[in-house]
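Worksheet for the structure shown next.
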2 protein chains.
Amino acid sequence: MTNKSNLNNLTKSEEDYLKALFQLLVEDDSEKVGNNLLADYLNVSPASTNNMVKKLKTKNYVVSEKYGKLDLTEQGKSIAVRLIRKHRLWETFLCKYLNFSWDEVHEVAEQLEHIKSSKLIDELDRFMDFPEKDPHGEIIPNADGEYAVLPKIMLSSLAEGEVCKLIAVDDGSVNFLKYVSEIGLALSSEIKVIEVREFDNSIRIQFNDTIETVTRKFADNVFVKKLV
Amino acid sequence: MTNKSNLNNLTKSEEDYLKALFQLLVEDDSEKVGNNLLADYLNVSPASTNNMVKKLKTKNYVVSEKYGKLDLTEQGKSIAVRLIRKHRLWETFLCKYLNFSWDEVHEVAEQLEHIKSSKLIDELDRFMDFPEKDPHGEIIPNADGEYAVLPKIMLSSLAEGEVCKLIAVDDGSVNFLKYVSEIGLALSSEIKVIEVREFDNSIRIQFNDTIETVTRKFADNVFVKKLV
DNA sequence: TTGATTTGTTAGTCATGGCTAACTTTTTTA
DNA sequence: TAAAAAAGTTAGCCATGACTAACAAATCAA
Ligand SMILES: [Mn+2]
Ligand SMILES: [Mn+2]
Ligand SMILES: [Mn+2]
Ligand SMILES: [Mn+2]
């Protein structure tokens, strides 16, 4: 049981690939994740991905057959979850203590998540009194590496007349997040779907006495829980 | 006045070299800093240093003549001071809020100092209410890049009978810092030099009703202000 | 089922930042 | 002042992680 995985000798790049693969596999639960999808997600060429995947396979973080789909080993998942834990804890810290808005935190957390010190992250967790969710509503994995996916559906999946609560947003785009705040939405907002327009998939929603029309693309990035 | 130096495109390595050069020039105020001294300080080969210095010269951070000594431009100094500010603010944060001891902070701060976000560091500064000194007693440069050297002398420079106050310690060695704490010394400790032994340069010191013998090497890393 | 398209792989190149070994210049010292 | 030593430089190599271009395999669609 000489668990050397604690020494964590991974480079920033290796970490980024593992986290991306995890996010595609588990969070977006794409049935099959191939080389090119991963390349796309990371904005690198398929050749770069192929190369890195080869390395991660010899290091036992990734498994796949030639020309086959990619999967993570338990070791690979564990690394990814730790990165997500760090990322979300830092985002929470930046918002709650350093006056960052939710659209500003992701970029900086992308850097901070690669800092190597388990004491740092566990103490940060303790300092904030073990927060459960990050500023975008996502669940923060705990120190034991337990990972839970928030049960959520896209706002775009609702039918006319349905009522829901905003529980999370995709944190990838600064512009999207600014947009969400600007129209007055936030975590916990109650939203009613007034109308679903078939023509362009836009939907009309009501919240806090406001009525807004949003696009399908927008609604795909807003995650909700149905009410009643 | 299109100040592009704010964009700060420097790599971690480039930053490390600039900070090291600044520390040799200004903090240790070595009269002349050459290629090999810098290489030694950074634990890299003279060839690597030569290479990097060449690059930093074309980028206008460093000046030197062929076979001559190295110096920083104003731009180079400014980068270095910002790194030192970040380093010391993070060390302070780790000590004051995250239960790190003063021997644990340096290594993590070496990583954190390279995080690129001026908002992050200025907000961290504000959050801690603009601390003036880091856990090792050194002055933290302010947001305007003003850098001040703490007026300090080495404990080893004192004569028998002299009394002083410990105001700073070298933060480079974990073992040294642990040693300092273990024998009961800390910032602000009052120390009296009881005896200076010519044979091996060891000195006998008294503080808090304790008497200890310390080596010259130890006393070189303890910085004090003479009292009375 | 076969041809087109998509997906994955390989080869070869580049930039960065390390290294060693060999060389040149400068400085020291005898 | 001339060796010797030290300091600085150069050439050539390596690993990492990007890239493009060319090719092979798998999948989709007619
Ligand atoms: Mn994020
Ligand atoms: Mn998030
Ligand atoms: Mn330090
Ligand atoms: Mn550093």
Side-chain angles (χ1 to χ4, degrees), chain A residues 7-21 24-25 28 30-72 76 79-80 83 110-111 113-114 116, chain B residues 7-21 24-25 28 30-72 76 79-80 83 110-111 113-114 116:
Chain A
L7 282 187
N8 204 338
N9 282 320
L10 299 181
T11 64
K12 178 183 181 306
S13 270
E14 291 170 325
E15 289 187 340
D16 282 335
Y17 278 91
L18 290 176
K19 196 180 79 154
L21 184 50
L24 288 170
L25 284 168
D28 301 2
S30 322
E31 256 320 289
K32 306 249 163 184
V33 177
N35 188 74
N36 290 10
L37 178 60
L38 182 56
D40 244 49
Y41 189 80
L42 283 164
N43 287 307
V44 295
S45 70
S48 299
T49 303
N50 196 271
N51 210 47
M52 180 58 90
V53 163
K54 222 178 265 173
K55 202 211 299 186
L56 294 173
K57 282 168 74 172
T58 75
K59 292 195 176 187
N60 274 108
Y61 294 114
V62 170
V63 281
S64 79
E65 281 166 25
K66 207 172 184 183
Y67 291 101
K69 298 302 166 181
L70 308 174
D71 204 357
L72 285 164
I79 302 282
L83 286 166
E110 283 293 310
Q111 298 178 61
E113 74 191 13
H114 299 289
K116 284 175 173 52
Chain B
L7 282 187
N8 202 339
N9 282 321
L10 298 182
T11 64
K12 179 185 182 303
S13 269
E14 290 171 326
E15 289 187 340
D16 281 335
Y17 277 91
L18 291 175
K19 195 180 81 155
L21 184 49
L24 288 170
L25 285 167
D28 301 2
S30 322
E31 257 320 288
K32 306 249 163 186
V33 177
N35 187 75
N36 291 9
L37 179 60
L38 182 56
D40 244 49
Y41 190 80
L42 284 164
N43 287 307
V44 295
S45 70
S48 298
T49 303
N50 196 271
N51 211 49
M52 179 59 88
V53 163
K54 221 179 266 172
K55 201 209 302 183
L56 294 173
K57 283 168 73 172
T58 74
K59 292 195 176 186
N60 275 107
Y61 294 115
V62 170
V63 279
S64 78
E65 280 167 24
K66 207 170 184 184
Y67 292 100
K69 298 302 165 180
L70 308 174
D71 204 357
L72 285 165
I79 301 281
L83 286 166
E110 283 292 308
Q111 299 178 61
E113 75 193 12
H114 299 289
K116 286 178 171 50

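Lettering of chains follows the sequences in order, A, B, ..., and the numbering in each one begins at 1. Computed over heavy atoms, backbone and side chain alike; hydrogens, waters and symmetry mates excluded.
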request  = To the nearest Å, give me how far apart CG (A:Asp40) and P (C:dT6) are.
outcome  = 13 Å

task = Answer whether the closest heavy-atom distance between the side chains of A:Tyr17 and A:Thr49 falls below 4.5 Å.
result = yes

ask   = In whole angstrom, what separates B:Asn51's CG from D:dT10's P?
value = 10 Å

request  = Show your working on side chain to side chain contact (heavy atoms under 4.5 Å, CB included) between A:Tyr61 and A:Leu10 and close with a plain yes or no.
outcome  = CA-CA 11 Å; A:Tyr61 294 114; A:Leu10 299 181; 3.5 Å; yes

query = Between C:dT16 and B:Ser13, is there an OP1 or OP2 to side-chain N/O distance shorter than 4.0 Å?
reply = no

inquiry  = Starting the side chain at C-beta, find the nucleotide from D:dT9, C:dT9, D:dA18 nearest to B:Lys66.
reply    = D:dT9

task = Answer yes or no: does a side-chain N or O of B:Thr49 lie under 4.0 Å from OP1 or OP2 of D:dG8?
result = no

task = Would you mind telling me which of D:dA18, C:dT20, C:dT9 lies closest to the side-chain atoms of B:Ser45?
result = C:dT20

task = Take the protein atom NZ of A:Lys12 and the nucleotide atom C1' of D:dA15, then report the distance between them rounded to whole Å.
result = 18 Å

query = Distance-only, no hydrogens or angles: does the B:Asn36 side chain make a donor-acceptor pair with backbone N or O of B:Pro46 under 3.5 Å?
reply = no

ask   = Is the phosphate of D:dT9, meaning OP1 or OP2, less than 4.0 Å from a side-chain N or O of B:Lys54?
value = no

ask   = Nearest-Å distance, CG (B:Asn50) to P (C:dC23)?
value = 17 Å

key: Separation of A:Thr11 OG1 from A:His114 NE2 (nearest 0.5 Å)   = 9.0 Å

message = From C-beta outward on A:Val44, which listed nucleotide comes closest to its side chain: D:dT10, C:dT9, D:dC19?
response = D:dC19

query = Where the side chain of A:Ala47 is defined as all heavy atoms beyond and including C-beta, which of C:dC19, D:dC19, C:dG8 is the nearest nucleotide?
reply = D:dC19

ask   = Within the structure, does a side-chain N or O atom of A:Ser48 lie under 4.0 Å from either OP1 or OP2 of D:dC19?
value = yes

task = Could you tell me the separation between the CG atom of B:Asn36 and the P atom of D:dT10, rounded to a whole number of Å?
result = 14 Å

message = Nearest to the A:Tyr67 side chain among D:dA25, D:dT10, D:dA18, which nucleotide is it?
response = D:dA25

CG-CG distance between B:Asn51 and B:Leu56, expressed to the nearest 0.5 angstrom = 10.0 Å

key: Residue closer to the 5' end of DNA chain D, A:Lys69 versus B:Lys69 (nearest nucleotide)   = B:Lys69

request  = Please tell me which of the listed nucleotides, D:dA18, D:dG8, D:dT10, lies nearest to the side chain of A:Tyr17?
outcome  = D:dA18

